[in-house]
Amino acid sequence: MIKTRLKTLIDHCFDQGVEAGFWSAAAAGGYSLDEPKHAGQGDLATNLAMVVLAPHTDLLERVEVAGPGFVNCYLNKTVWQSVLPEVCANEATFGRSDIGKAKKVLVEFVSANPTGPLSVGHGRQAVLGDAIAGLLSATGHQVTREYYYNDAGRQMRVLGESTRARYLEALGLPFTFPEDGYQGQYIRDIAQALIEEHGDGLKDEPEVTPFKNKAERVIFDDINTTLHRLGIVFDNYYNEHSLYENGLVDDVVASLREKGLAYDQDGAVWFKGTECGLPQDRVIIKSTGEPTYRLPDMAYHREKFKRGFDWMVDIFGSDHIATVPDVLAGVKALGYDPSKVTVVLHQFVTLLRDGQQVKMSTRKANFVTVDELLDEVGADVARFFFLMRKADSQLEFDLDLATKTSQENPVYYVQYAHARLHSIRRQAEAKGVVLGSLADAPVGRLTLDDEILLLKAMAGFPGLVQGAALDLAPHRLVFFLQDLAGQFHSYYNKHRIVSEDEELSRARLWLAMGLRIVLRNGLALIGVSAPESM
RNA sequence: GCGCCCGUAGCUCAGCCGGAUAGAGCACCGGCCUUCUAAGCCGUAGGUCAGAGGUUCGAAUCCUCUCGGGCGCACCA
């Protein structure tokens, strides 16, 4: 019989649902399959969806099956209205959660050696890393922000030589500028500072160290000042050099040798990458005796594991992509689980001015620094713009748009929504409309579709934060905020919040309060200020 | 040559752990201020989701290949 065949099919689906844990077996046999009384309701109809959802009917207004097999659940408005007290009662924490279970996470980013000011590329990385760290900590992770740097080695020697050359040059003495020296104006500034401190006392200095040290100090201070302007504070600066001093680099070599994963050839020490699934073996100690960057990187990552982190997030520019497989293979070879390391590679930034791409070249120090950018657009705009794209995408930073203090600038758009909400509150107070206690908030009066939509968006905020955190994708917050601000502006233009209807006014003022909280908390997560007036 | 990323509206980009009619902002065009900030709103238009195969009941989404663009492929970091 046809009905039996269909019933068997539905029973089977029901059982599968039970097995998968979608619902309990309590409703087994409790649902029907009958010929409907009226035409237009199919040949046979089952109330399966209703029965399965029966324990939750207080939430549901109606349930429909539609299209190619969707069960559409329409929730009662009260469900959405109940979001508001929750938001307002948890002003400081709404959006935060503990899904991270206090997992220890290390977020490493920037990690620029002190050879020059931060470029806009670093800026993107700095903001990206900081926002990711912020999201992780908002979701209950125990986060450490770390900056890994090296103030020894070839790069720094060249920096010292460059500084010396500029020093001699400024004194009008003969000098030779290193072939691959640092050409920026900042080196000249440092040289000038040395002259002010020492006069020509260093002109016969045999060591490069005083030049190097001075340059390093000045540049690191600059970098930190810049980071500070961006609102970024690191918990820890990890010096690559300390790895050598503590014998940790040698120890990695010894361990690799022990496992037969390192060998000598052509006077160099090689890592047997081919043994670890990599396309080729790599030099880890040059024939000069100096290690390549790979080796200390492996040692550093091993230290991260030893320091007890459950999850290690590395933020790198896409030009460092080649290092990733090597380091991860090294970590694995040393007996640690590379799946605990997540590398976020971000693409480059191009600046657009007057519709034209601004040409930049690191080598010639012909690049726009984060400082210059901040002078021009400020920290809020810089942070917001750096987060407007997912890390994978190249980021086009449109200075023309960023410097506009008008409707087109998305940063102001969002901030304005927040300021407007504050303004409404002030206006209401001036008119003597009192919010009253949250418990008495007449949220039942929020019945317009526009209002339910706003409530839904607010309700989705914590989940959005969690997803953005776990996927290391802060750009989602930016999109969310733009959407929410847009919804509010639209609502504002259509409906009056403070009106003759005192109860409705209070309800809407609470709605405004909730929106303000979500906007403010969202902006805080990406490190952008939420002004109360603009 | 090899590896990774990208290719979605005129432009800049979301969506990408498969689902219903693919979204937003700019730009264009047309409207809205005696009332809570016009730094705002409303409306019109705009698409072979680079292309070709494949998997699937179903693909922008997954697989393969091709074509474009970016970044790498050091005894630099």
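The sequence lines fix the lettering, A, B, ..., with proteins before strands; numbering per chain opens at 1.
Looking at heavy-atom distances under 4.0 Å, S533(A) makes contact with a base. Residue H418(A) is classed as having no contact, given no heavy-atom separation below 4.0 Å to the nucleic acid. Among the heavy atoms of the strands, none lies under 4.0 Å from A428(A). As judged by a 4.0 angstrom heavy-atom cut-off over every strand, H320(A) is placed among the base-contacting residues. Among the atoms of the strands shown, none is found under 4.0 Å from any heavy atom of K404(A). Within 4.0 Å of D483(A), counting heavy atoms only, lies no atom of the nucleic acid at all. In this structure, R508(A) reaches neither bases nor backbone, as no heavy-atom distance under 4.0 Å exists between it and the strands shown. R425(A) comes within 4.0 angstrom of nothing in the nucleic acid, heavy atoms only. Within 4.0 Å of E290(A), counting heavy atoms only, lies no atom of the nucleic acid at all. Using a 4.0 Å heavy-atom cutoff across all strands shown, Y413(A) reaches sugar-phosphate atoms only and no base atom. Using a 4.0 Å heavy-atom cutoff across all strands shown, S423(A) reaches at least one base atom of the nucleic acid. Using a 4.0 Å heavy-atom criterion, one finds that F479(A) contacts the sugar-phosphate atoms exclusively.
In this structure, the nucleotide among C41(B), U12(B), C36(B) sitting nearest to the side chain of R389(A) is U12(B). The side chain of S287(A) lies closest to C75(B) when the candidates are C75(B), C41(B), C73(B). For I321(A), counting side-chain heavy atoms from C-beta on, the closest listed nucleotide (G72(B), G15(B), A77(B)) is G72(B). Across A77(B), C75(B), C71(B), the shortest atom-to-atom separation from the side chain of F348(A) is found for C71(B). Here the side chain of S393(A) is nearest to one of C13(B), A74(B), C73(B), namely C13(B).
Side-chain nitrogen and oxygen atoms of K286(A) include at least one within less than 4.0 Å of the OP1 or OP2 phosphate oxygen of C76(B). Checking the phosphate oxygens (OP1, OP2) of C36(B), no side-chain nitrogen or oxygen of H495(A) falls inside 4.0 Å. For the OP1/OP2 pair of C42(B) and a distance below 4.0 Å, the side-chain nitrogens and oxygens of S490(A) include at least one atom meeting the criterion. Considering only side-chain N and O atoms, Y148(A) lies nowhere under 4.0 angstrom from the phosphate OP1 or OP2 of A77(B). For A74(B), the OP1/OP2 oxygens have no side-chain nitrogen or oxygen of T292(A) closer than 4.0 Å. Applying the 4.0 Å criterion to OP1 and OP2 of G15(B), one finds that K390(A) has a side-chain N or O inside that range.
Looking at D380(A) and Q415(A), their side chains do bring a donor and an acceptor atom within 3.5 Å of each other. One side chain, Y300(A) or E146(A), offers a donor N or O that lies under 3.5 Å from an acceptor on the other. With no hydrogens or angles considered, a side-chain donor-acceptor pair links S119(A) and H122(A) at under 3.5 Å. One side chain, E451(A) or Y491(A), offers a donor N or O that lies under 3.5 Å from an acceptor on the other.
When both distances must be under 3.5 Å, the Watson-Crick or G-U wobble mate of G1(B) is C73(B). Base pairing of G30(B) is made with C42(B), judged by Watson-Crick or G-U wobble geometry with both donor-acceptor distances under 3.5 Å. The base-pairing partner of G25(B), taking Watson-Crick or G-U wobble contacts with both distances under 3.5 Å, is C11(B). Taking a pair to require two hydrogen-bonding distances under 3.5 Å in either a Watson-Crick or a G-U wobble arrangement, G58(B) remains unpaired. The pairing partner recorded for G18(B) is none, the criterion being a Watson-Crick or G-U wobble arrangement whose two distances lie under 3.5 angstrom. With a cut-off of 3.5 Å on both pairing distances, the Watson-Crick or G-U wobble partner of C65(B) is G51(B).
Straight-line distance between the P atoms of G69(B) and A27(B): roughly 30 Å, to the nearest whole Å. A59(B) and G54(B): their C1' atoms are spaced 11 Å apart (whole Å). Using C1' as the reference atom, U56(B) and U61(B) are 13 Å apart when rounded to the nearest Å. Distance check on atom P: A60(B) versus C16(B) gives 14 Å, rounded to whole Å. Distance noted for atom C1' between C17(B) and G10(B): 33 Å (whole Å). A distance of about 22 Å separates the P atoms of C26(B) and A22(B), rounded to the whole Å. Comparing the C1' positions of G68(B) and A74(B) gives a spacing of 29 Å, expressed to the nearest Å. Atom name P, nucleotides C67(B) and A9(B): the rounded distance is 22 Å, in whole Å.
Going from atom CG of D326(A) over to atom C1' of G3(B) covers 12 Å, rounded to whole Å. Atom-to-atom, CG of L395(A) to C1' of C11(B) comes out at 15 Å; the value is rounded to the nearest Å. Atom OH of Y293(A) and atom P of G72(B) are 12 Å apart (whole Å). Between R506(A) atom CZ and C36(B) atom C1' the separation is 18 Å, expressed in whole Å. Note: CD (E396(A)) to C1' (G25(B)) measures 14 Å, nearest angstrom. Atom-to-atom, CG of D151(A) to C1' of A77(B) comes out at 14 Å; the value is rounded to the nearest Å. Spacing between atom CZ of F316(A) and atom P of A77(B) amounts to 14 Å, rounded to whole angstrom units. The CD1-P distance, from I497(A) to C36(B), rounds to 12 Å in whole Å.
You'll find the ring centres of Y413(A) and H489(A) inside the 6.0 Å limit.
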- Task: Start with the C-alpha gap between H475(A) and L387(A), add the side-chain angles, then the distance that decides, and say whether side-chain contact (heavy atoms from CB on, under 4.5 Å) holds.
- Result: CA-CA 5 Å; H475(A) 72 279; L387(A) 293 173; 5.5 Å; no
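Against the 90° criterion about 0, the sugar-base torsion of C33(B) places it in the syn range.
Closest non-hydrogen pair, A485(A) versus L519(A), comes out as N-CD2, 4.5 Å.
Geometrically, K340(A) does not engage W311(A) in a cation-pi contact, judged by NZ or CZ lying under 6.0 Å from the ring centre and within 45° of the ring axis. The cationic atom of R420(A) (NZ for Lys, CZ for Arg) lies less than 6.0 Å from the six-membered ring centre of Y492(A) and within 45° of the ring axis.
Position along RNA chain B of the nearest nucleotide to R420(A) versus D392(A) favours D392(A) as the more 5'-ward residue.
When each of Y147(A), F234(A), Y148(A) is paired with F109(A), the ring pair (Phe, Tyr, Trp, His ring centres under 6.0 Å) condition holds for F234(A) and for no other.
With hydrogens and angles ignored, no donor-acceptor pair closer than 3.5 Å exists between the side chain of Y412(A) and the base of A39(B).
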